[in-house]
Q: 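My questions will all concern the structure given below.
A quick note: this is a predicted structure, and the numbers were derived from the prediction, not measured. Labels below follow one simple rule: chain letters A, B, ... track the order of the sequence lines, proteins then strands, and each chain is numbered from 1.
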Amino acid sequence: MDRYEPQQIEAKWQRVWEDARAFYVSNPDSPEQAEREKFYMLEMLPYPSGNLHMGHVLNYTLGDVVTHYRRRQGFTVLRPMGFDSFGLPAENAAIRGGGHPREITERNIAAIRAQMHRLGWAIDWDREVSAHQPEYYRWTQWLFLKFFEAGLAYRKAAPVNWCPNDQTVLANEQVIDGRCELCGAEVESRNLEQWFFRITAYADALLDDHATIDWPERTKAIQRNWIGRSEGAEVLFRVEELDLDLPVFTTRPDTLFGATFMVLAPEHPLVEQLAAGTEQEAAVREYVKHTAARSTVERETKEKDGVFTGRYAVNPATGEPIPIWIADYVLMEYGTGAIMAVPAHDERDFEFAQRYGLPVVRVVEPAGGTAEESEGAFEAHTANERLVNSGQFSGMPAPEGARAIVEWLGERGRARPAVSYRLRDWGFSRQRYWGCPIPIVYCRECGIVPVPEDELPVLLPEVKDYRPKGIPPLASNQEWLHVPCPRCGGEAVREAETMDTFVDSSWYFLRYCDPHNDSAPFDRAIVDYWMPVDQYIGGIDHATGHLLYSRFFVKVMNELGFVGCREPFAGLFHQGWVRLGGSKMSKSRGNVTAPDQLAEMYGADAVRLFILFMGPADQDMEWTEEGVEGIARFLRRLWRIVNEVSAEAPRDGAGDGPLARKTHQTIAKVSDDIGRRFVFNTPIAAVMELVNELAPATNDPAARQAAETVVSLIQPYAPHIAEELWERLGHERLWEQPWPVADESLLERETFELVIQVNGRVRDRVEVSADLPEAELIERAKASPRVQAQLDGKEIRQAIVVPRKLVNFVV
RNA sequence: GCCGGGGUGGCGAAACUGGUCAUACGCGCCUGACUUAAAAUCAGGUGUCUCCUUUGGAGGCGUAAGGGUUCGAGUCCCUUCCCCGGCACCA
């Protein structure tokens, strides 16, 4: 028998699959084909950082197992791959002098593609797309224009993360603990004109449609949290002197009688008007200026401070004037940017009131009975409260009081029920080079003008220096920047900012369906055939980013009539982190184990098996190469035994002996684990068990069937060795063989091992026929000498019989 | 602080709806076979304590800790401890 040479057979079969176009799949082009049962298997596309790490290997091997399993179950499986190829790392490499970001990126893509081929993943490479290719980003731009026309992409001034060192806007995910991910400088908040997608208009749809998708509960919880829907009321506070109304949002309108002052965010547009002409004017201006200079970290960690505006508003419930303050613990981005402060029942307001000596009025108390007079103290909310000190509403339970007060003020137009969200609109402009240009022109006469569709793509221009210097790098190319206005022909400049890369990845799964379409982003009929993605696999770190954005994009595209589905990902699974020394593997941490070396040493099949055998795929795992030897040993053992069986084992028969039964039990176990439970480590153990039983029984009449089953079941994990052994067993093209089905009659046992317990402790086990009645089982149990010894002289008070399992005597 | 995930052998982990001496499968370790030797391979052993008429057998204790429900709990309930991750002035 020849030796197991993984490198050799892996190269051989990868060539065979490629020649046979084994994993390429066509779009339906006839009604019959459209009837095929489809399965869209997708893993989050990689950022081409240069090398795959074990986290990628886990992610894509999981997808690969599912792909093979579903294919062999008869589904037409779409399993594409692409690259999230715009983004900062390539640009930073370019800044360091590594060449053009495009060259760096394409070099990296080539390297990763080669690694992916080496691992033998079943991918339809004809559908590969990369975000940075003009054929792709042309349609990213086209979609932007559609969103813009629909009023869902707009410009506004908003606070953004600004790195004073790199002179650029940073995405939230580039800010770690208030510092720039790249240079470590403290991030400032700056008010800049930015592009936004109106994702907040879809907040309720994003929440409600959770009911329609099969996602992990915790991922939905994270999104719910992030969207942060709060129900409450908007209440108007009157400023008589200036003849204006200040709206506030509150979730506790029942505490309105306890509102003893108001607080506005320093950025509130009315701050200046309020303070004007009061003796506080200078102090207010000073505070606003001071706040603007504060870093985000400082603003969030310092003790609360603020300043009186010199104005008073009328509490609409009490009719009393209350002072209006400004303080930066109130955020302009949430609610109305102004609050009614109820220091008796809100910790933050209390802290503020203490510091500035503002009055504290208690307006709710626990329903159980009167807590002793605690005037002037903070009192946390409790489950059952009723109103006090609240005029005609005193005595009401809090929720009822809230409704009544809103209704009462509503009659005079001073309050209405309102909903507020934590979710903000998605700011997607980046003052960076390596991203998708935003197809917009600013004209002196016409203002914001979209680039006409037939002029797309707006190609990313060449620039001399990628370094951001406060203005986007694209703006440094004067020739590119200045264009005639598409509308009036007058002088105009291009938008020089680029899009967040999350825009690119919000629709790539649609492009895969129809990747070569050059007259539209995709054909709706084709997309409607494949979508939604049946199984999506990727990290949970994208819960509030990519996964939320993609859901938003699909909802908009659905409403614009581009796609039939309302949700992109029907099923979702998160693989755990592969850690090294406690932190997750990533290029930026430099703790990457390249799978290449491992594949070189042990073969791709060993790497694939090993990463899935390490533990449950959805749990984090600490990377160690200890144990990979065991997998290599298993493969050699498999090789030897199957070769032996192929040469020696009898050709016919299988019978219903122990090996035949074990074979069918293993089929049932593996199918259930992959198909229903979505666990991937235990099937490997189950196949190992079967191999262990087969090893000493290669002459068993069931040996050949057992060997074939082992090879067939391990194929999704280790497709190369499986294919080779399948051939040696005298068969062809395992990749398209139907998935084995367990023979039910061999799963049902005629006899079973009856467990006999005394007081819940196992005392003996006897082999009995499966069809014995309960009474007979009890008799058999009593007959056991070991049980006799335990029962000795004691009285049996009860006998519990679990059919086909056990008898338990209670004495 | 809040939310989520965990805590089982020297290690990675099994035990899926409470029911077969809990620890499958693999790693590591120990013993033996093969070998000049090593590697590889193969066979066997491997929670812990106690006892016995000791090539074998019997029993006690063991799933972070304590309590509860149950004929029976790693699995369900309560309390506590520890580890990991995420969010954190959102009115």
Q: Tell me, which pairs form a side-chain hydrogen bond (donor to acceptor under 3.5 Å, both in side chains) where one or both residues lie in residues 675-691 of chain A, sequence neighbours left out?
A: A:Lys662-A:Glu689, A:Asp672-A:Arg676, A:Asp673-A:Arg677, A:Asp673-A:Thr682
Q: Using heavy atoms and a sub-4.0 Å distance, could you list which residues of residues 415-423 of chain A are near RNA chain B? By number, please.
A: A:Arg422
Q: Please state how far atom CG in A:Leu635 lies from atom P in B:C27, giving the value in whole angstrom units.
A: 12 Å
Q: Grab the CD1-P distance between A:Ile611 and B:C27 for me, whole Å please.
A: 17 Å
Q: Provide the distance between the two P atoms, one in B:C21 and one in B:C61, to the nearest whole Å.
A: 16 Å
Q: Report the relative orientation of the aromatic rings in A:Phe610 and A:Trp623; use parallel for angles under 30°, tilted for 30 to 60°, perpendicular for over 60°.
A: perpendicular
Q: For nucleotides B:U70 and B:U75, find the distance between their C1' atoms and express it as a whole number of Å.
A: 13 Å
Q: For RNA chain B, please output the secondary structure as dot-bracket, reading 5' to 3'. Pairs are Watson-Crick or G-U wobble, both atom distances under 3.5 Å; mark crossing pairs with [ ], other-strand partners with |, unpaired with a dot.
A: (((((((..(((......[.....)))((((((.......))))))((((((...))))))..(((((..]....))))))))))))....
Q: Among pairs that include at least one residue of residues 219-228 of chain A, which meet salt bridge (charged side-chain N to carboxylate O under 4.0 Å, His left out), considering only residues two or more places apart or in two chains?
A: A:Glu217-A:Arg224
Q: Quick one: which protein N/O atoms are closer than 3.5 Å to N/O atoms of nucleotides 15-18 of chain B? Pair and distance per line, please.
A:
unit_1 : atom_1 : unit_2   : atom_2 : d
B:A15  : OP1    : A:Arg677 : NH1    : 3.4
B:A15  : OP1    : A:Arg677 : NH2    : 2.8
B:C16  : O2     : A:Arg676 : NH2    : 2.8

Q: Rounding to a whole Å, what distance do you find between A:Met340:CE and B:A91:P?
A: 12 Å
Q: If only atom types and distance count, is the side chain of A:Thr255 paired as donor or acceptor with the main-chain N or O of A:Arg252 below 3.5 Å?
A: yes
Q: Between the main-chain N or O of A:Trp215 and the side-chain N or O of A:Thr219, is there a donor-acceptor pair closer than 3.5 Å?
A: no
Q: Could you list the residues that satisfy salt bridge (charged side-chain N to carboxylate O under 4.0 Å, His left out) with A:Glu693, not counting sequence neighbours?
A: none
Q: Does A:Asp305 reach the main-chain N or O of A:Ala327 with its side chain, forming a donor-acceptor pair under 3.5 Å?
A: no
Q: Return the set of residues passing salt bridge (charged side-chain N to carboxylate O under 4.0 Å, His left out) with A:Arg229 (not counting sequence neighbours), or none when no residue passes.
A: A:Asp204, A:Glu231
Q: Say whether, by atom type as modelled, one donor and one acceptor occur between the side chain of A:His268 and the main chain of A:Ala338 under 3.5 angstrom.
A: no
Q: Determine the interatomic distance between P on B:U46 and the same-named atom on B:U36; round to the nearest Å.
A: 32 Å
Q: Can you name the residues that form a salt bridge (charged side-chain N to carboxylate O under 4.0 Å, His left out) with A:Glu629, not counting sequence neighbours?
A: none
Q: Under the rule syn = chi within 90° of 0, otherwise anti, which is B:G47?
A: anti
Q: Using the P atom as the point on both nucleotides, what is the distance between B:G5 and B:C77, in whole Å?
A: 13 Å
Q: Go through B:A91, B:C25, B:A13 for me and flag the one nearest to the A:Asn681 side chain.
A: B:A13
Q: Tell me whether A:Asn59 contacts the main-chain N or O of A:Gly55 through its side chain, where contact means a donor paired with an acceptor under 3.5 Å.
A: no
Q: Would you tabulate the pairs of protein nitrogen or oxygen atoms and nucleotide nitrogen or oxygen atoms of nucleotides 38-42 of chain B closer than 3.5 angstrom?
A:
unit_1 : atom_1 : unit_2   : atom_2 : d
B:U41  : OP1    : A:Arg636 : NH2    : 3.1
B:C42  : OP1    : A:Arg637 : NH1    : 3.4
B:C42  : OP1    : A:Arg640 : NH2    : 3.2

Q: Just call it for A:Arg224: base, sugar-phosphate, or nothing, with non-hydrogen atoms closer than 4.0 Å on any strand.
A: nothing
Q: If only atom types and distance count, is the side chain of A:Thr336 paired as donor or acceptor with the main-chain N or O of A:Pro247 below 3.5 Å?
A: yes
Q: Check for a donor-acceptor pair, side chain of A:Tyr717 on one end and backbone N or O of A:Phe680 on the other, with a separation under 3.5 Å.
A: yes
Q: Taking the C1' atom of each, how far is B:C52 from B:A37, in whole Å?
A: 45 Å
Q: May I have the distance from A:Glu693 (atom CD) to B:C25 (atom C1'), rounded to whole angstrom?
A: 13 Å
Q: Output yes when a side-chain donor or acceptor of A:Glu333 lies under 3.5 Å from a complementary backbone atom of A:Arg424, and no otherwise.
A: no
Q: Taking only the C1' atom of each, what is the distance from B:C42 to B:A22 in whole angstrom?
A: 30 Å
Q: Assess whether atom CD of A:Glu347 is packed by more than 12 heavy atoms of other residues, nucleotides or ligands within 6.0 Å.
A: no
Q: Rounded to whole angstroms, how far apart are CH2 on A:Trp623 and P on B:A13?
A: 13 Å
Q: Please identify each residue that fulfils salt bridge (charged side-chain N to carboxylate O under 4.0 Å, His left out) with A:Asp328, with sequence neighbours left out.
A: A:Arg294, A:Lys302
Q: Taking side-chain contact (heavy atoms from CB on, under 4.5 Å) as the test, write out the residues that go with A:Asp620, two or more places apart.
A: A:Trp577, A:Arg579
Q: So what does A:Gly228 hit on the nucleic acid, given a heavy-atom distance under 4.0 Å: a base, only sugar-phosphate, or nothing?
A: nothing
Q: Quick check on RNA chain B: between A:Val628 and A:Tyr334, whose nearest nucleotide comes earlier from the 5' end?
A: A:Val628
Q: Please report the distance, rounded to the nearest Å, between CE in A:Met688 and C1' in B:C27.
A: 10 Å
Q: Within the 4.0 Å limit for protein heavy atoms, which parts of nucleotides 1-12 of chain B are touched? Write it as a string from 5' to 3', B for base, S for sugar-phosphate only, - for none.
A: ---S-------B
Q: If you measure from the C1' atom in B:A13 to the same atom in B:A65, how many Å do you get, rounded?
A: 23 Å
Q: Mind checking the C1' distance from B:U20 to B:A73? Whole angstroms is fine.
A: 15 Å
Q: Round to the nearest Å and state the distance from A:Phe680 atom CZ to B:A13 atom P.
A: 17 Å
Q: Hey, does A:Tyr4 have a side-chain heavy atom less than 4.5 Å from the side chain of A:Arg640?
A: no
Q: Quick one: A:Asp328 CG to B:A91 P, roughly how many Å, whole number?
A: 18 Å
